[in-house]
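In what follows, chains are A, B, ... by sequence order, proteins preceding strands, each numbered from 1.
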Amino acid sequence: MPDSGDPPAIQRERDLLRFLTCGSVDDGKSTLIGRLLHDCAMIFDDQLEALERESHRFGTTGEAIDFSLLLDGLEDERQQRITIDVAYRFFATPRRAFIVADTPGHEQYTRNMATGASTSDLAVILVDARHGIVSQTKRHAFICSLLGIRQLVLAVNKMDLVGYEGRRFAEIAANFSAFAAGLGEPAVRAIPLSALSGDNITRRSERMSWYRGPALLEHLETVETVATAGDGDARFRFPVQWVNRPDASFRGFSGTIASGSVASGDRVVLAGSGRSTRVCRIVTFDGPLDRAGAGEAVTLVLDDEIDIARGDLLADPDNPPEFVDQFAAHVIWMSEHPLVPGRSYLVKIGTRTVPATVTALKHRVDVETLAHLADKTLGLNEIGFCNLSTAAPVAFDPYTVNRDTGGFILIDRFSNETAGAGMIAFGLRRASNIQWQALTIGRDERAGLKGQTPAVLWLTGLSGAGKSTIADLVEKQLLALGRHTMLLDGDNVRHGLNRDLGFTDADRVENVRRVGEVARLLAEAGLIVICSFISPFRAERRMVRELTRPTAFFEIFVDTPIEECIRRDPKGLYAKAKAGGIEHFTGLDSPYEAPQAPEMRVATIGTSAEEAAAAIIDELRRRRII
Amino acid sequence: MSAVVEPSPPQRRGDVHLRRLEAEAIAIMREVAAEFRKPVMLYSIGKDSSVMLHLARKAFFPGKPPFPLLHIDTLWKFREMIAFRDATARRLGIKLIVHTNAEGVRRGIDPVGSGSALHTQVMKTAALKQALDRHGFDAALGGARRDEEKSRAKERVFSLRGVSHDWNPKNQRPELWRLYNTRLGEGQTMRVFPLSNWTEYEVWEYIAAEAIPVVPLYYAAVRPVVARSGAWIMVDDDRLPLNPGEEPERRRVRFRTLGCYPLTGAIESAAATPAEILAELRDTRRSERQGRLIDGDEEAAMERKKREGYF
Ligand SMILES: Nc1nc2c(ncn2[C@@H]2O[C@H](COP(=O)(O)OP(=O)(O)O)[C@@H](O)[C@H]2O)c(=O)[nH]1
C-alpha cells in the first residue's frame with residue numbers, strides 16, 4: 001500500500017442528508033434531479049454522450065437533453081417513458097453528501113414512495129406553478145408525514161411559465177401550509193424555481209428578486225437533520241443482530257445502536273425480561289470504545305451470562321420500551337393480494353421476526369381527504385389503521401419517537417413477498433390486562449380421564465368433494481371404538497356461530513379462525529375434533545394448525561377434481577353458481593389452494609367414502625392417535 | 001445511561017458520512033450471516049472487493065467472517081490480480097474458493113476470439129451460477145454500487161434471484177428502513193450488496209482513510225499498452241494477439257476498474273496514491289465504467305446481463 005499522503009482537502013466534517021423527491025408526472029422531477037446532479041458535476045462526459053444518444057432515440061425534448069432518461073434505469077421505463085421504481089442517486093457538495101430517493105409519481109406506486117420516505121430526513125415535493133396544489137401533492141405530503149418526515153420543501157416549479165410571478169407563488173405556498181397544518185405541523189420551506197432554466201436550483205435567481213429565501217441546494221446543505229440537531233430519541237436501544245461467538249473465550253452481542261448511546265459500565269436491560277446487566281466492553285475492530293452512539297455498528301460484551309439471542313432488544317433500564325403482543329399501527333399495503341384481517345403474516349421489527357395477524361382493520365385512510373373510511377380489507381397502495389396481534393410479545397417504541405424500533409414490515413408466509421409496512425402508534429395493553437388464568441386441570445388431565453389422545457382432524461377440499469360424508473363415517477367409527485369426539489361442519493356452523501359471515505375472502509378467513517378457536521377449546525376438553533371445511537386458503541389452514549398446537553393436527557386433503565364435484569353437485573350449488581346465483585364460489589370464481597404437504601390425501605375417484613374413512617382410521621392408528 | 005447525545009470522541013477517525021456508510025455495510029453483512037444458511041462472499045479482487053473484505057473483518061471481529069470467498073476465474077485476469085488474491089487469502093487465513101467454467105474452457109471461449117459478450121456470458125455469468133449451485137450457497141455478497149450504472153440504481157440491497165438466478169427488475173421487494181426481507185422460496189437465492197450506497201469517490205476515501213491494500217494496477221506506473229477502440233489495453237502476457245502493425249508502447253497508466261485484461265481499458269494517469277487518485281477523480285470528466293468494453297454496445301446491456309444472473 002503506497003503512502004496515502006494527506007487526506008483529501010475537502011469534506012472533513014461532511015455529513016449526510018437523505019431526501020426524497022416526489023411530485024406528479026411531468027411536474028419536472030427528473031429535470032430537477034438531472035439539473036442538481038449536473039450542476040454538482042456528478043454527470044460525466046461519457047454519461048452525457050450516452051444521454052444525448054438516448055435523447056434522440058426516446059426523448060421528448062427535441063434537441064435538448066432529456067434528463068429523465070438519465071434517471072430511468074430500466075429498459076421498460078425508457079421505452080414506455082414512465083418511472084417504475086425507486087432509484088437512488090448520489091451527489092455531494094463540500095458541505096454535505098446527499099442520497100436522493102427518486103420516486104415515481106403515479107398513484108399505483110405509492111409503495112415506492114413510502115419506501116423512499118422510510119429512510120429520508122426530508123422530502124422535496126414538486127408542484128407545477130400553473131396547476132398549484134393537486135390531490136397528488138396532498139397524498140405525497142400525507143405519506144411523508146406518516147413515515148415521519150418532519151422537513152418538507154415545497155418546490156414550486158416551472159415559474160418561467162407563470163412569468164416568475166411572486167403572487168402566484170405566495171398563493172400556492174399559503175394553500176399548502178393550510179393543508180400541512182393538518183399533518184402535525186412539519187417544517188415547510190417553499191421555494192419558487194425553474195428546473196429547466198436553472199432558477200433557484202444551485203444559485204439564487206435574479207429573475208425572482210422578490211424571493212428572499214435560499215436556493216434549493218443552499219437549503220438542502222444547511223437544513224437541520226435529526227443527526228445535526230441532536231434531537232433524535234436519546235434512550236438507548238440496541239436490537240441484537242448477531243451473537244458473536246468465535247470461540248469459548250469470547251461472547252459478544254453485535255448490532256447497530258438504534259438510538260441513544262451506551263458507555264462501558266452502563267446498565268442495560270433485556271427488554272421484556274426485567275433482567276439487567278452491565279456493559280463491560282464495547283468491542284470494535286479499531287479497538288475498544290468508551291462510548292458508542294446511534295447508528296454505530298458495535299459488539300457489546302456484557303457482565304453476566306444472561307440468555308440473549310438475536311431478536312432481543314437491549315435498552316436503557318430507566319426508560320425501557322413497551323413490550324406487548326398487541327398493538328395498533330398504520331399499515332401501508334404493498335401486495336397485489338389484499339390484507340385480510342385474521343390471516344397470519346410474519347412481522348419483522350428490528351432484528352426480530354414473529355408470526356402475527358391483523359385482528360381488526362379499524363379504518364382505511366382516504367389519502368386525499370384524510371377521512372377515515374370503514375373497510376374489510378386493504379388493497380395495494382391503500383393505508384389503514386389496524387390492530388395487530390403477534391404470536392409472542394415484541395419490544396417497540398411508537399414510530400413517531402423512534403423509526404427503528406417502531407417500524408415493521410409484514411411478510412406473506414407463502415410467497416415471502418414484503419406485503420406491507422407498518423408504523424406502530426401505541427401498544428394495546430391487552431397482554432397485561434387479560435392474563436391467562438392458570439388452571440389446575442389441563443388438556444392432558446381431561447383427556448386422561450377419557451383414556452385418549454386429543455387431536456384435530458381437518459378435512460379440506462372443494463364443495464362436493466365428499467368431506468362431510470367421510471367426516472361423518474370417521475366419527476361413527478371412532479365412536480364405535482369408544483372415542484369421545486365432536487364434529488364441526490362448515491354448513492352447520494354457518495347457521496349459528498358464523499351466521500354473520502358471508503363468502504368474501506375476509507369472511508372466509510374469519511370463518512376459519514373462529515372454527516379454529518372452537519376446535520382448540522374442544523381439543524383442550526380432551527376430544528378428538530373432526531372439522532369439515534372447504535377452507536380454501538393455505539394461510540388459514542396453517543393458522544389453525546398453529547392455533548391448536550400442541551394438540552396433534554391432522555390435515556386431510558379430500559382430493560376430488562372440480563369436474564367430478566360439478567358432476568356430483570349433491571346440493572345443486574355448482575349449477576346455481578354457474579347460473580350466476582352465487583358469488584365467490586370456491587373453484588369457480590374464488591380460488592382453492594390445494595395443500596402442499598397434508599398429513600394425508602384421500603382421492604375419492606375410484607374409492608368409496610367407507611374406504612376413505614377406513615384409510616383415515618388406519619392412519620390414526622399408525623400415528624398412535626388411537 | 002446518559003440522556004444527551006455526546007459529541008463523537010476523538011478516537012474515531014474519518015468523517016461522519018464515511019462512518020455511516022461503514023456501519024450500514026457492517027449491519028448488512030451481519031444480517032446475511034444471521035439469516036442465511038450458507039452465505040458466500042464474491043471476491044473479484046477489485047477495489048470494491050478489498051473494501052468488502054475489510055468491512056467483513058470489522059463486522060465479525062474478533063471472529064473471522066463466517067463465510068468463504070468465491071472468485072470466478074475466467075483465466076484472463078491480470079497476473080497481478082491473481083498474485084494479490086492468493087496473497088490476501090493467505091495473509092488473512094480466509095477460505096477462498098476459485099471456480100472456472102470448465103466447459104467454457106473446453107469450448108475454447110476467450111475474450112479475444114469469442115468476443116466480450118459470449119466470454120462474459122459463459123465465463124462469468126454461467127460460471128457464477130455453476131459455483132453457487134455446486135456449493136448450495138443461498139446468499140452471495142457482492143460489491144456492486146448503485147452509482148455504477150443506472151439499472152443498478154434501482155436494485156435492492158437484498159436482491160432476490162429466481163431458480164435460475166435470474167433478476168426480475170419489475171418484481172422487487174420494497175425495502176424500507178433498515179429492515180431487509182431475507183425469506184427465500186424453494187430454489188431462490190439472494191444477492192446482497194452492502195456497498196449499494198457508496199460512490200467510487202467514497203470507496204477511494206475509505207481506502208485512503210483505512211489504508212486498505214488494493215491491487216497495484218490501480219496506481220499509475222509505466223506499463224506496456226496498445227491503443228484499441230479509444231482505450232489503452234495492457235499487454236499482460238503473450239496471449240493477446242497484436243494486430244498488424246500494432247506495437248506495444250510504454251505509458252504511464254492506471255486502471256479505474258479491473259476485469260479480464262483484454263477487455264479492460266487503462267487511463268493515462270500519474271496518480272500513484274489514494275490521495276492522488278482522489279484528486280484525479282475530483283477533476284475527471286469520465287465515469288468509472290469508461291474502461292469496461294462490455295457496456296459500450298448498448299445502454300440496456302447491463303440490465304440484460306443482470307436479468308440473466310450476472311452480478
Ligand atoms: N417550462 C418549464 N418546463 C419544465 C420545467 N421543469 C420541467 N419542465 C418540462 O416538463 C416536462 C416534464 O418534466 P420531467 O422532468 O420529465 O417530469 P417528471 O415526470 O416529474 O420527472 C418536460 O418536458 C420538461 O422539460 C421548468 O422549470 N419550466
Exercise for review: Give the ring-plane orientation class for B:Trp198 versus B:Tyr206, where under 30° counts as parallel, over 60° as perpendicular and anything between as tilted.
Suggested key: perpendicular
Study note, to complete from the structure: So, the part of A:Ile409 with a heavy atom under 4.5 Å from chain B: the answer is both
Review point. Measuring heavy-atom distances to chain A, does B:Pro216 have an atom under 4.5 Å in its side chain, in its backbone, in both, or in neither?
Key: neither
**Study point:** Aromatic ring pairing A:Phe91/A:Phe98, orientation class (parallel under 30°, perpendicular over 60°, tilted between)
**Key:** parallel
Study note, to complete from the structure: In terms of heavy-atom pairs under 4.5 Å with chain B, the winner among A:Gly295, A:Ser254, A:Ala421 is A:Ser254
Check your understanding: Heavy-atom distance under 4.5 Å to chain B: side chain of A:Leu346, backbone, both or neither?
Key -> side chain
Practice item. Identify which part of A:Val243 has an atom lying under 4.5 Å from any heavy atom of chain B, answering side chain, backbone, both or neither. Key: neither
Check your understanding: For A:Phe250, is it the side chain, the backbone, both, or neither that has a heavy atom closer than 4.5 Å to a heavy atom of chain B?
Key -> side chain
Review point. Do A:Ser259 and A:Arg237 get their side chains close enough for a donor-acceptor pair, meaning under 3.5 Å?
Key: no
Point to revise | Heavy-atom proximity to chain A below 4.5 Å, by part of B:Arg156 | key: side chain
Review point. Do you know which of B:Glu22, B:Arg30, B:Arg173, B:Arg146 has the most heavy-atom pairs with chain A at a distance under 4.5 angstrom?
Key: B:Arg30
Review point. Do A:Phe238 and A:Val262 touch side chain to side chain, with heavy atoms closer than 4.5 Å?
Key: no
**Study point:** N-O pairing of B:Glu31 and A:Lys348 below 4.0 Å
**Key:** yes
**Study point:** Any side-chain heavy-atom pair of B:Trp167 and B:Gln172 under 4.5 Å
**Key:** yes
Exercise for review: Against chain B, label A:Glu417 side chain, backbone, both or neither, depending on which of its atoms sit under 4.5 Å from a heavy atom there.
Suggested key: backbone
Review point. For B:Leu184, is it the side chain, the backbone, both, or neither that has a heavy atom closer than 4.5 Å to a heavy atom of chain A?
Key: backbone
Exercise for review: Using a 4.5 Å cut-off on heavy atoms from C-beta on, say whether the side chain of B:Tyr219 contacts that of B:Ser269.
Suggested key: no
